[in-house]
**Q** 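Shown below is the structure under consideration.
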Amino acid sequence: MLATKYYGRLVLKSDVPKEILDNNPFEEMEAICIKNGKILCNRCGQITNKNQGYLPNNNYYCPKCIILGRMSTLQKLVYLPNMKEKFTLPNEVLTWKGNLSKYQQKCSQELQTAIEKRQRFLLWAVTGAGKTEMLFKPLERGIKAGLRIAIASPRVDVCNELFPRIDAAFKHVSKILLHGRTDVKYEYTQIVVCTTHQLLNFKAAFDILIIDEVDSFPYVNDNGLKFAAQKAIKDNGALIYLTATPSHELSQQIKRNQLITSYLPLRFHQNPLPEIKLLFSNNWWQEISEKKQLNRKVIKILKQWVQSENQFLIFVPHVSMLEAVFQVIQENLPANIKGQTVHAQDPLRIEKVQMMRDKEIRYLITTTILERGVTFPKIDLIVLGADNEVFSISSLVQIAGRVGRSLDRPKGDVYFMCDNYTKTVHKAKQQIIFLNRKAKKMLANE
């Protein structure tokens, strides 16, 4: 039995076979500590009041990371420090044969420097700028140097979109995809693509940790996931953030010069971001829920999209709205135009997204779950209720960025339907205008 799969892996002592435990220098720690009347979890690093995690016989568990299995004072954690196990270096590391624009090359080189210097670094690039492709050359250098790499994202959909691209770019390098919806058994590989929740299971495991969509829920507001990211990197590791819409926290770090930043306001095809077109209604949701009617402006747009033969996305604020919106849209479209609803807890979520990719359906009605990380080549979209508080500035910008991501169709329609013109909608609209001006200026200075 090999011990390699425990290198840098934080696991329960009871889960490690005795033969491996006895013959390797595992480090051991309490799973849960009780200090000053508080529960301290050594997996997620979070502190909880004792009354929130009480068990019989004066034992306690951590309620914060229970999604990965219960951790209690009855258990111990162990991890095996990386034993310098060498990865097999293939004859050809990078199998991607594409080319980068000069702007992408500049960002890629800055990424490479940050990795070599083991820095904290932010790549701030608009949606569709080609962030993944800009990673390839720096990762190739890291792989050749024998470094271990993790690429994490808060969203399962982003991981599912990212893994095939990494797999194609590094065909002969060992890799694994980890998230709560996969049934793959963990193995020790040079590249790990995973959700940020999976980082809770690692300790000092990676030389390079890249967090894609770092501004995305749940990572952006979860101190446990941020702790997990820091814990998963080796002491001299490089931490790379990727985003199109930096959070307030990251923006403040940039202003204080606490974070090295590379900025790219141009999409890979050097066309501007699709700008938002506003539609106003007198309570669009009441029209649907009570009158079973779809706004006439929306009907007109949908019929234009049907004639264009392109696919489209319809975003709504809440899961509870999906079915009613689906029913009223079906009534206003030809019977041969097929669609589906999809949301975060949908058991067929992955299959429905694949149906859209395979063009088995023309449209998806969805929530913010598809706001980022999912690419459909030729798409139009509308957000119903864009003024709803569930949509942040960054989520609205990300949603708009789903459109125009293909070289074959670099433009498309982005409509926001609102009852009120809120500050959030205004700022999202203005941010895209600002980014397009920056891109235009960059091109003019060539």
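Keep in mind that the numbers below use all heavy atoms, side chains included, and drop hydrogens, waters and symmetry copies. This chain uses plain numbering: 1 for the first residue, then up along the sequence.
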**Q** Go through it in stages, so that I can follow the logic: the residues are R70 and Q75, the test is side-chain hydrogen bond (donor to acceptor under 3.5 Å, both in side chains), and I'd like the CA-CA distance, side-chain angles, deciding distance and then a yes or no.
**A** CA-CA 10 Å; R70 193 170 76 178; Q75 298 163 309; over 6 Å; no
**Q** Test side chain to side chain contact (heavy atoms under 4.5 Å, CB included) on L199 and C194 and set out the steps.
**A** CA-CA 8 Å; L199 295 176; C194 65; 3.9 Å; yes
**Q** In the structure I gave you, are the side-chain heavy atoms of Q293 and I288 within less than 4.5 Å of one another anywhere?
**A** no
**Q** List the atom pairs, donor and acceptor, that lie under 3.5 Å between side-chain atoms in residues 378-387 and the rest of the protein, sequence neighbours left out.
**A**
residue, atom, partner, partner atom, Å
D380, OD1, R409, NH1, 3.4
D380, OD1, R409, NH2, 2.9
D380, OD1, D413, N, 2.8
D380, OD2, R409, NH2, 3.2
D387, OD2, D419, N, 3.1
D387, OD2, N420, N, 3.0

**Q** Quick check against the 3.5 Å criterion: does D215 have a side-chain atom that pairs as donor or acceptor with the backbone of S247?
**A**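 Not a single qualifying donor-acceptor pair exists.
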**Q** The test is side-chain hydrogen bond (donor to acceptor under 3.5 Å, both in side chains); show your working for S394 and S392 and say whether it passes.
**A** CA-CA 5 Å; S394 66; S392 64; 3.2 Å; yes
**Q** Can you tell me if S289 uses its side chain to pair, donor with acceptor, with the backbone of W285 under 3.5 Å?
**A** yes
**Q** Is the number of heavy atoms from other residues, nucleotides or ligands under 6.0 Å of F217 CZ greater than 12?
**A**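 No, the 6.0 Å shell around CZ holds no more than 12 heavy atoms from other groups.
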**Q** Checking T366 side chain against V342 main chain: does a donor-acceptor pair fall under 3.5 Å?
**A** yes
**Q** Please evaluate residues K423 and E389 with respect to the criterion salt bridge (Lys or Arg N to Asp or Glu O under 4.0 Å), reporting the C-alpha separation (whole Å), side-chain torsions for both, the decisive distance (0.1 Å), and the verdict.
**A** CA-CA 11 Å; K423 187 182 291 185; E389 62 185 11; over 6 Å; no
**Q** Do any N or O atoms from the side chain of K175 and from the backbone of F170 form a donor-acceptor pair under 3.5 angstrom?
**A**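 Side chain of K175 to backbone of F170, a donor-acceptor pair under 3.5 Å: yes, one is there.
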**Q** Whether the Q327 and E323 side chains hold a donor-acceptor pair (N or O, under 3.5 Å, no angle test) is what I'd like checked.
**A** yes
**Q** For the CD1 atom of I393 and the CD1 atom of I432, what is their distance to the nearest 0.5 Å?
**A** 11.5 Å
**Q** How about CD on Q258, more than 12 heavy atoms from neighbouring residues, nucleotides or ligands closer than 6.0 Å, or not?
**A**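 Above 12, so yes.
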**Q** Quick check: does any side chain N or O of D358 sit under 3.5 Å from a backbone N or O of E360, one acting as donor and the other as acceptor?
**A** no
**Q** Does the pair V353 and L370 meet the rule for a side chain to side chain contact (heavy atoms under 4.5 Å, CB included), with working shown?
**A** CA-CA 9 Å; V353 170; L370 293 189; 4.0 Å; yes
**Q** Are N91 and H172 close enough, and set up right, to give a side-chain hydrogen bond (donor to acceptor under 3.5 Å, both in side chains), and what steps lead you there?
**A** CA-CA 9 Å; N91 294 328; H172 311 301; over 6 Å; no
**Q** Rounded at 0.5 Å granularity, tell me how far SG in C62 sits from CD in Q46.
**A**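 Reported to 0.5 Å precision, the distance equals 6.5 Å.
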**Q** Is any side-chain heavy atom of Y241 closer than 4.5 Å to a side-chain heavy atom of D212?
**A** no
**Q** Using a 3.5 Å distance criterion without hydrogens, assess whether the side chain of T95 forms a donor-acceptor pair with backbone atoms of A169.
**A** yes
**Q** If you apply the rule side chain to side chain contact (heavy atoms under 4.5 Å, CB included), what do you find for Y103 with L443, and how did you get there?
**A** CA-CA 10 Å; Y103 305 108; L443 290 171; 4.1 Å; yes
**Q** Report yes or no: does R357 contribute a side-chain atom to a donor-acceptor pair with the main-chain N or O of F376 at less than 3.5 Å?
**A** no
**Q** Does atom NZ of K438 have more than 12 heavy-atom neighbours, drawn from other residues, nucleotides or ligands, at distances under 6.0 Å?
**A**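 No, because the 6.0 Å sphere around NZ of K438 holds 12 heavy atoms or fewer from other groups.
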**Q** Less than 6.0 Å separating the ring centroids of F87 and Y188?
**A**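 Yes - the distance between ring centres of F87 and Y188 falls below the 6.0 Å cut-off.
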**Q** Take V316 and L322 through the test side chain to side chain contact (heavy atoms under 4.5 Å, CB included) and record every step on the way to the result.
**A** CA-CA 7 Å; V316 298; L322 287 171; 3.6 Å; yes
**Q** When you measure from the side chain of E161 to the backbone of T375, do you find a donor-acceptor pair of N or O atoms at a distance under 3.5 Å?
**A** yes
**Q** Are any non-hydrogen side-chain atoms of C418 and S281 less than 4.5 angstrom apart?
**A**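 No, every pair of side-chain atoms sits at 4.5 Å or beyond.
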**Q** Hey, does the side chain of K131 reach the backbone of A129 with a donor-acceptor pair shorter than 3.5 angstrom?
**A** no
**Q** State plainly whether the residues R165 and E133 are in salt-bridge range, i.e. N to O under 4.0 Å.
**A**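 Answer for the salt bridge query: yes.
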**Q** Parallel, tilted or perpendicular: which fits the ring planes of F312 and Y363, with parallel below 30° and perpendicular above 60°?
**A** parallel
**Q** If you count every heavy atom of other residues, nucleotides or ligands that lies below 6.0 Å from R141 atom CZ, does the total exceed 12?
**A** no
**Q** Can you check whether K203 reaches K231 side chain to side chain, under 4.5 Å on heavy atoms?
**A**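 Side chain of K203 against side chain of K231, heavy atoms only: contact under 4.5 Å found.
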**Q** For I67, look at atom CD1 and say whether over 12 heavy atoms of other residues, nucleotides or ligands are found less than 6.0 Å away.
**A** no
**Q** Flag the pair K292 and E287 as a salt bridge only when some basic side-chain nitrogen lies within less than 4.0 angstrom of an acidic carboxylate oxygen.
**A** no
**Q** Are L68 and R43 close enough that some pair of their side-chain heavy atoms sits under 4.5 Å apart?
**A** yes
**Q** More than 12 heavy atoms of other residues, nucleotides or ligands under 6.0 Å from CD of Q345: is that the case?
**A** no
**Q** State, with a plain yes or no, whether a side-chain heavy atom of F326 is found less than 4.5 Å away from one of M321.
**A** no
**Q** Counting only heavy atoms not in R181, do more than 12 fall under 6.0 Å of its CZ?
**A**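 Count over threshold, so yes.
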**Q** Show which side-chain atoms of residues 329-338 pair as donor or acceptor with protein atoms under 3.5 Å away, not counting sequence neighbours.
**A**
residue, atom, partner, partner atom, Å
N332, ND2, V328, O, 2.7
K338, NZ, A335, O, 3.1

**Q** Quick one: does Q104's side chain have a donor or acceptor within less than 3.5 Å of a partner on S101's backbone?
**A**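 Yes, because the side chain of Q104 sits within donor-acceptor range (under 3.5 Å) of the backbone of S101.
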**Q** For G412 and P274, work out which heavy atoms get closest and say how close.
**A** O-CB, 4.0 Å
**Q** Atom CD1 of I176 and atom CD of Q190: how far apart are they, to the nearest 0.5 Å?
**A** 14.0 Å
**Q** Measuring from L122:CG to I240:CD1, what's the distance to the nearest 0.5 Å?
**A** 9.5 Å
**Q** Does atom NZ of K106 have more than 12 heavy-atom neighbours, drawn from other residues, nucleotides or ligands, at distances under 6.0 Å?
**A** no
**Q** Are D207 and K234 ion-paired here, with the side-chain N under 4.0 Å from a carboxylate O?
**A**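 Answer for the salt bridge query: yes.
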**Q** Do the non-hydrogen side-chain atoms of T261 and F121 ever get within less than 4.5 Å of each other?
**A**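 Not in contact.
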**Q** Which heavy atom of P377 sits nearest to which heavy atom of S406, and what is that distance?
**A** O-CB, 2.9 Å
**Q** Drop me the distance from Q112's CD to M134's CE, to the nearest 0.5 angstrom.
**A** 14.0 Å
**Q** Using 0.5 Å steps for rounding, measure from the CD1 atom of I260 to the CG atom of L111.
**A**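 Reported to 0.5 Å precision, the distance equals 11.0 Å.
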**Q** Could you pull out the closest heavy-atom pair between I66 and Y61, with the gap in Å?
**A**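 Where I66 meets Y61 most closely, the heavy atoms are CD1-CE1, 3.8 Å.
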**Q** Between W124 and L242, is any pair of side-chain heavy atoms under 4.5 Å apart?
**A**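 Not in contact.
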